There are 2 protein chains.
Amino acid sequence: MLQSTVTIEQTANFLKLLGDKTRLTIVGMLKQRECCVCELQEVFDISQPSISQHLRKLKDAGLVKEERRGQWIYYSLNPENELYGLIDPILQHVPDLKDKIEIINKSNPTLRCGC
Amino acid sequence: MLQSTVTIEQTANFLKLLGDKTRLTIVGMLKQRECCVCELQEVFDISQPSISQHLRKLKDAGLVKEERRGQWIYYSLNPENELYGLIDPILQHVPDLKDKIEIINKSNPTLRCGC
DNA sequence: TTAATATATAATTATTTGCTTATATATTAG
DNA sequence: CTAATATATAAGCAAATAATTATATATTAA
C-alpha cells in the first residue's frame, strides 16, 4: 500500500482526536455499526450535548458521516478519510466493544413502544 | 499476534500523547535513531525546556527510555511499551523524517570542535 | 576550583478542552 | 396546531496543555 500524503500535523491532529476516551469508544462502536445520538447516550455517562459535541469534532475532521433518517441522525465512519486505515490497527489494541453494542441493542432507544 | 490487554483509556492516553506535532515528530525521529536533547533542539523552533518537557511526558508514559552518556542524555524508543506496535502503522502515514535526521547529522551538536 | 555546556525543574501564562446548563431547531404523533 | 422527542448550538467554567523565562543540577574542560 502506498504511503498517504498526509502531513505530520494532520496525523497528530487525527491522533489527538482519537486521544479521548469517549471519542475513541464512539469510533470503536461505529466500526461495528452506525449509531444515533440517543443510542450512544445509553453507553456514556455524559450529557447529550457533550456527545453531540464529540460527534461534531469527529465530523469536522471528516472521520464520521451523518445521515438523518426521520427523527434520528445516524452517524457512521467515513472510509474516505485519508487516515481511516489507521483505525483498525488502533482498535486491535483495544478490548472489544461488543458489550456496548449489546447495551444499545437491548435498550433499543429508537423503538419507543413495543406495540 | 495476540490482542494486547490495554484498556481503551490507556490507548486513548497513548494517542493523546502522540497527538501533538512535536511529540509525534520526536517519536518518528527516535524510530530512526536515538537522539539527545541538543540534537532535537536543532530541529524544533521551541525552547529547550519545552523539548525536555515533551520528553518527560513520553518517558512518564514508558514510551521512551533515557541513558546518560557523559554530558548528554540520549533518548530512544522503548520497545517494551505495550502499545509500541502502534508506532509503525502510525508512522507509515507520515512523511519521512530523514530530512530532520539529516539536519542533526550535519550540524552535529555533540561535536563542539573539529580539532 | 571555575567556567562552560547539557539538561531538568519550577513558576507563570495564554490557549484549548471537555463538560455543564439553557435554549433553539427539526421531526413526528396526536 | 400542539406536545413530545431527537439533536444541535450557545454560553460559561474548571481543568489540562504547551509554551515561556528563570533557575537548579550534573558533567566536562581548563
Side-chain angles (χ1 to χ4, degrees), chain A residues 8-9 12-27 30 34-61 64-76 104 107-115, chain B residues 8-9 12-27 30 34-61 64-76 104 107-115:
Chain A
I8 201 152
E9 190 156 18
N13 287 337
F14 176 90
L15 297 174
K16 188 190 296 180
L17 194 69
L18 295 192
D20 172 274
K21 191 188 175 182
T22 302
R23 284 192 298 267
L24 183 57
T25 305
I26 290 176
V27 167
L30 296 185
E34 60 177 13
C35 298
C36 63
V37 180
C38 65
E39 286 172 332
L40 295 173
Q41 265 185 270
E42 304 286 325
V43 163
F44 297 103
D45 278 336
I46 56 179
S47 65
Q48 171 266 315
S50 192
I51 293 175
S52 282
Q53 283 154 12
H54 282 300
L55 287 167
R56 188 144 80 101
K57 287 190 181 190
L58 292 168
K59 203 186 66 175
D60 286 350
V64 140
K65 293 178 300 182
E66 67 177 35
E67 181 195 335
R68 178 178 280 276
R69 288 212 288 281
Q71 219 164 352
W72 299 285
I73 297 176
Y74 282 89
Y75 285 88
S76 58
I104 64 178
S107 68
N108 226 343
T110 60
L111 266 191
R112 243 161 303 145
C113 78
C115 326
Chain B
I8 201 152
E9 189 157 18
N13 287 337
F14 175 90
L15 297 175
K16 188 191 295 180
L17 193 69
L18 295 192
D20 172 274
K21 191 189 176 181
T22 302
R23 284 192 297 268
L24 183 57
T25 305
I26 289 175
V27 167
L30 296 185
E34 60 177 12
C35 297
C36 62
V37 181
C38 66
E39 287 172 332
L40 295 172
Q41 264 185 271
E42 304 286 325
V43 162
F44 298 103
D45 278 336
I46 56 179
S47 65
Q48 172 266 315
S50 192
I51 293 175
S52 282
Q53 283 156 13
H54 283 300
L55 287 168
R56 187 144 81 103
K57 288 192 178 187
L58 292 168
K59 201 186 66 173
D60 287 350
V64 140
K65 294 179 301 183
E66 67 178 32
E67 181 196 336
R68 178 178 281 275
R69 286 212 291 281
Q71 217 164 353
W72 299 285
I73 297 175
Y74 281 88
Y75 285 88
S76 58
I104 64 178
S107 69
N108 226 345
T110 61
L111 266 190
R112 243 160 305 145
C113 76
C115 327

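Here is how names work: the chains are called A, B, and so on, in the same order as the sequence lines, proteins then strands, and each is numbered from 1. The shown structure was predicted, so the numbers you read here are calculated from the model rather than taken from an experiment.
No more than 12 heavy atoms of other residues, nucleotides or ligands lie within 6.0 Å of CG in Asp45(B), so this atom counts as exposed by the packing criterion.
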### Message
Across nucleotides 16-25 of chain C, 5' to 3', mark each nucleotide with B, S or - according to how protein heavy atoms within less than 4.0 Å reach it.
### Response
-SSBBBB---
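Nearest nucleotide to the Ser52(B) side chain, out of dA8(C), dT7(D), dA6(C): dA8(C).
At the phosphate of dA8(D), neither OP1 nor OP2 sits under 4.0 Å from any side-chain N or O atom of Arg56(A). For Arg68(A) and dA26(C), the shortest distance from a side-chain N or O to OP1 or OP2 is not below 4.0 Å.
What separates OH of Tyr74(A) from P of dA6(D) is a distance of 10 Å, to the nearest Å. Distance CD (Gln71(A)) to P (dT7(D)): 8 Å, rounded to an integer number of Å. Atoms CD (Glu39(A)) and C1' (dT5(D)) sit 15 Å apart, rounded to a whole Å. One interatomic measurement links the two molecules: CD of Glu66(B) to C1' of dT7(C), which rounds to 10 Å at whole-angstrom precision. One can place CZ of Arg69(B) at 16 Å from C1' of dT28(D), the figure rounded to the nearest angstrom. The nearest whole Å value for the distance from the CD atom in Glu67(B) to the P atom in dT7(C) is 13 Å. For Lys59(A) and dA8(D), the NZ to P distance is 7 Å, given to the nearest whole Å. The CD atom of Gln41(B) sits 9 Å away from the P atom of dA6(C) (whole-angstrom rounding).
Here NZ of Lys16(A) is found 8.5 Å from CD of Glu9(A). Values are rounded to the nearest 0.5 Å. Lys59(A) NZ to Ser52(A) OG: the interatomic distance, rounded to the nearest 0.5 Å, is 10.0 Å.
When side chains are defined from C-beta on, Lys57(B) does not count as touching Asp20(B), because their heavy atoms never get closer than 4.5 Å. Counting only heavy atoms from C-beta outward, the side chains of Val37(A) and Tyr75(A) approach each other to under 4.5 Å. A 4.5 Å side-chain heavy-atom check between Ile51(A) and Leu55(A) finds at least one atom pair inside the cut-off.
With respect to the salt-bridge test (charged N to carboxylate O, under 4.0 angstrom), the residues Glu67(A) and Arg69(A) qualify.
At the heavy-atom level, Tyr75(B) lies under 4.0 Å from the strands shown only through sugar-phosphate atoms.
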